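First the structure, in the form of structure tokens, and then the observations on it.
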Amino acid sequence: MSRPGTFTITARDGLARRASLVTAHGVVQTPAFMPVGTVGSVKSVCPRDLKDAGTQILLGNTYHLYLRPGDELVARRGGLHRFMGWDGPILTDSGGFQVFSLQGIRTITEEGVEFRSHIDGSKHFFSPEKVVSIQHNLGSDIMMVLDECVAYGADRDYTARSLELTTRWARRCREAYPAGSGGQLMFGIVQGGFFPDLREESLAQLRDIPFEGFAIGGLSVGESPTQMYDILRHIAPRLPEGKPRYLMGVGTPLDILTGIESGVDMFDCVLPTRNARNGTLFTSQGRVNIKRAEYKEDDGPLDPACGCYACTRFSRAYLRHLYVARELLSYRLNTIHNLTFFLDLAAQAREAVEQGRLAQLKARYEAAYPVAGEPGA
RNA sequence: GUGAGUGUAGCUCAGUUGGUAGAGUCCCAGAUUGUGGCUCUGGUUGCCGUGGGUUCAAGUCCCAUCACUCACC
């Protein structure tokens with residue numbers, strides 16, 4: 001097997017790429033969707049369920065695992081892979097987004113970010129170096145740099161200064177773990193809010209730092225789909241051509257296809273797993289709110305086009321009952337289904353890019369998932 | 001049998017000195033984008049136990065009656 005970080009593009013369809021990324025725990029075929037396993041578990045499901053659903057690579061979280069059970073404890077258990085029983089690739093988010101979402105209980109300085117634990121209120125400090133050290137202890141295959149995810153609505157001045165801080169932090173992260181110093185990869189994160197030129201500026205500052213991949217951060221923070229797509233279409237094609245591109249925290253089926261169309265290779269999002277727990281299921285026919293009374297006596301499968309365990313074995317009536325009764329099995333079956341749907345979407349996209357049919361695939365999903373506020377919605 | 005208390009939304013209950021009813025929950029529907037199984041946003045629902053009376057006006061006051069609960073015989 002090639003060396004970790006090797007990124008090979010094997011097909012293209014417009015700006016979209018079909019590629020593979022080598023990591024220390026296996027090769028990831030892209031475009032890829034990464035299920036989110038924040039605290040060392042994808043809520044309600046087992047590694048076996050993840051494999052069955054088609055998961056190649058998981059996302060874990062630095063902030064959460066640092067607070068509990070602690071990265072050093074995980075290191076003593078042999079690293080995150082062994083600890084959670086997942087032998088495939090893992091990407092760890094740096095905690096930058098938590099810094100963003102913890103607004104009110106954190107302060108950002110040049111040195112890093114001080115914050116209070118959401119668990120017990122205790123004070124902690126994340127510097128770029130600290131975040132790298134934690135991710136080193138966790139042993140993830142891909143580390144993310146510490147960044148500041150700027151809130152939606154931030155003005156140009158703040159956004160411009162923030163992006164430069166993110167750049168300085170990115171440089172410190174790379175210095176703390178130089179390229180090639182181990183099997184772990186490190187991705188830089190482009191910020192710049194909703195100003196196309198600031199996005200370009202952020203990229204210009206980061207692109208010469210020897211990262212193995214680049215991410216687009218700061219999207220899906222409250223903007224409209226149109227605003228997000230404008231920035232996405234502007235910046236994604238400008239990211240370094242020969243390295244993997246990762247769109248953080250996105251998104252809906254259409255967001256993902258729009259990203260792929262713009263040249264993005266990797267995605268993660270809590271949407272399939274969180275919505276599964278809240279009864280919103282993604283199907284080939286569009287969203288299904290399984291709690292709806294109309295499914296009370298519906299003996300048909302959730303999605304006849306889906307081959308997952310939930311769809312092949314149980315009826316809508318049963319899935320609705322489990323949800324309404326708050327049965328634990330509801331979370332598991334719904335999560336298995338939604339993950340299968342998103343992972344299938346990525347698999348279909350890989351095939352479509354190989355066949356030059358991405359536009360047709362997107363048109364199909366556009367029909368089932370119209371964008372709010374746009375024609376057809 | 002006697003005494004006391006309680007009867008208001010499917011459920012648990014608020015309803016000021018009388019001015020034709022509210023909350024929580026449930027139910028119905030929607031949201032959820034680098035995750036707290038959370039949360040948020042809308043919406044439906046009432047012979048105010050029953051029958052009389054007083055009053056311009058009664059869920060509120062008076063009488064009777066029924067049901068339930070508790071205590072005592």
Side-chain angles (χ1 to χ4, degrees), chain A residues 33-45 57-65 67-68 90-102 117-120 131 135 140 142-152 166 187-191 215-225 227-229 232 246-256 258-259 264 266-282 287-296 320 322-335 338-339 342 369 371-373 377:
Chain A
F33 179 79
M34 306 182 278
V36 178
T38 305
V39 296
S41 122
V42 175
K43 295 186 191 304
S44 85
V45 297
I57 171 170
L58 279 187
L59 184 141
N61 193 285
T62 297
Y63 166 84
H64 294 272
L65 291 167
L67 288 179
R68 188 169 57 193
I90 296 175
L91 177 150
T92 42
D93 189 12
S94 66
F97 187 75
Q98 278 61 47
V99 170
F100 158 73
S101 58
L102 258 45
S117 160
H118 70 280
I119 299 170
D120 62 7
V131 152
Q135 295 181 88
S140 55
I142 302 174
M143 304 188 264
M144 299 304 298
V145 299
L146 184 66
D147 65 329
E148 185 192 1
C149 180
V150 177
Y152 178 61
T166 289
F187 285 14
I189 304 176
V190 174
Q191 289 290 345
I216 300 169
L219 292 185
S220 69
V221 288
E223 75 280 14
S224 71
Q227 287 172 297
M228 180 171 91
Y229 295 168
L232 180 57
Y246 163 32
L247 176 55
M248 306 187 77
V250 173
T252 67
L254 205 55
D255 293 345
I256 290 171
T258 303
V264 174
M266 302 163 67
F267 304 84
D268 81 278
C269 192
V270 302
L271 212 54
T273 41
R274 175 186 287 163
N275 279 7
R277 281 175 267 118
N278 295 327
T280 300
L281 305 177
F282 292 86
R287 287 165 171 246
V288 166
N289 281 327
I290 198 62
K291 62 187 109 170
R292 286 173 64 129
E294 68 174 285
Y295 304 127
K296 208 175 278 189
R320 177 184 190 276
L322 291 180
Y323 180 80
V324 172
R326 297 280 196 277
E327 276 296 312
L328 297 181
L329 185 56
S330 170
Y331 301 121
R332 173 145 182 246
L333 293 178
N334 290 352
T335 299
N338 271 357
L339 282 179
F342 275 68
Y369 293 91
V371 177

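Keep in mind that this is a model prediction, so the values were computed, not measured. Throughout, a chain's letter reflects where its sequence line sits, starting with A, and its residues are numbered from 1.
Look at CG on A:Leu232: it is 15 Å from C1' on B:G34, rounded to the nearest Å. Distance, A:Asn275 CG to B:C38 P: 13 Å, rounded to whole Å.
For A:Thr273 against B:U35, a side-chain-to-base donor-acceptor contact under 3.5 Å is present. Donor-acceptor pairing under 3.5 Å, judged by distance alone, is present between the side chain of A:Arg277 and the base of B:U35.
Put simply, A:Asn278 has no side-chain N or O that comes within less than 4.0 Å of OP1 or OP2 on B:U39.
Picking from B:G34, B:A31, B:U33 the nucleotide with the shortest atom distance to the side chain of A:Arg287 gives B:A31.
The residue A:Arg326 sits apart from the nucleic acid: no heavy atom pair falls under 4.0 Å. If you check every strand for non-hydrogen atoms under 4.0 Å, A:Asp147 touches a base. Residue contacts for A:Leu247: at a heavy-atom cut-off of 4.0 Å it reaches no nucleic acid atom on any strand shown. Contact annotation for A:His64: backbone-only contact, meaning every heavy-atom pair under 4.0 Å involves sugar-phosphate atoms and none involves a base. Backbone-only contact: A:Asn61 has heavy atoms under 4.0 Å from sugar-phosphate atoms and none from a base. Looking at heavy-atom distances under 4.0 Å, A:Gly37 makes no contact with the nucleic acid at all.
A 4.5 Å side-chain heavy-atom check between A:Leu247 and A:Asp255 finds every atom pair outside the cut-off.
Taking OG1 of A:Thr38 as the reference point, atom NE2 of A:His64 lies at 5.0 Å (rounded to 0.5 Å).
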